[in-house]
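Take a look at the structure set out below.
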Amino acid sequence: MLNIVLFGPPGAGKGTQSERLIEKFGLVHLSTGDIFRSNIKGETELGKLAKSYMNQGKLVPDSVTIDLLRSEVLKYNAPKGFIFDGFPRTNAQADALDVFLASINTSITVMLSLDVEEDELKRRLLKRAEVSGRADDADPKIIDNRIAVYHNETAPVKSFYENQGKLISVEGMGSVDEITKRLFLSIDTI
Ligand code: AMP
């Protein structure tokens with residue numbers, strides 16, 4: 001299996017690039033953010049809980065997120081692999097993912113980490129808000145919170161995979177096509 005963690009701060013282009021990677025490699029796309037948003041739309045209990053955190057730019061608690069991720073992975077029968085987009089976002093999630101994947105006889109192949117300058121992130125998020133309707137993209141205060149949470153809680157996950165020799169950093173500035181090319185080339189080196 002080819003199991004990719006697509007990593008980067010909010011606005012790095014994880015969702016957009018996931019679509020390209022799925023098309024090329026036939027992978028299953030698992031975005032915890034997308035799953036939370038569809039639960040919010042469906043007004044489920046999980047949606048209500050997730051919304052109370054997401055609207056403040058905070059992380060949904062690990063226990064909830066990890067349980068959700070496990071049950072999503074188990075929905076697929078003999079997939080070619082997964083793209084984990086927006087997960088893991090804490091070291092506890094990364095640990096739990098390793099243990100869970102081992103229990104189903106697989107593992108993370110690589111973390112592809114998109115590097116994007118902070119001004120560009122904010123610009124992209126505000127632009128996305130015009131079409132996404134996402135409350136957490138439209139409010140500069142929430143954006144700042146999300147970026148702070150990224151630095152404090154999520155960025156350490158990079159070292160988690162670096163210590164396993166699985167980290168590849170990819171320049172995330174430039175056009176969507178240029179970034180896709182860099183990601184494909186990185187996967188070729190695995
Ligand atoms: P995203 O669509 O990946 O930008 O995620 C939007 C929001 O969903 C985040 O700001 C968090 O509030 C929540 N979220 C998504 N993935 C996770 C995760 N792995 N752990 C905790 N919260 C998450």
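Atom set for the values below is all heavy atoms of this structure, side chains included, hydrogens, waters and symmetry mates excluded. Indexing begins at 1, ligand by ligand and atom by atom, following the structure's order.
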So, Glu43 side chain and Asn39 main chain: donor-acceptor pair closer than 3.5 Å or not?
-> no
Indicate yes or no for a side-chain donor-acceptor contact from Arg20 to the backbone of Thr180 under 3.5 Å, with no hydrogens or angles considered.
-> no
Does a side-chain N-to-carboxylate-O contact under 4.0 Å join Asp177 and Arg182?
-> no
Sorted by chain and number, the residues that approach ligand 1 to under 4.0 Å with a heavy atom = Thr32, Gly33, Phe36, Arg37, Met54, Lys58, Leu59, Val60, Thr65, Gly86, Phe87, Arg89, Gln93, Arg134, Asp136, Arg146
Report yes or no: is the cationic atom of Lys24 (NZ for Lys, CZ for Arg) under 6.0 Å from the centre of the six-membered ring of Phe184, at an angle within 45° of the ring normal?
-> yes
Is the Phe82 ring parallel, tilted or perpendicular to the Tyr76 ring (thresholds 30°, 60°)?
-> perpendicular
For Arg89, which residues count as a side chain to side chain donor-acceptor pair (under 3.5 Å) partner, sequence neighbours excluded?
-> none
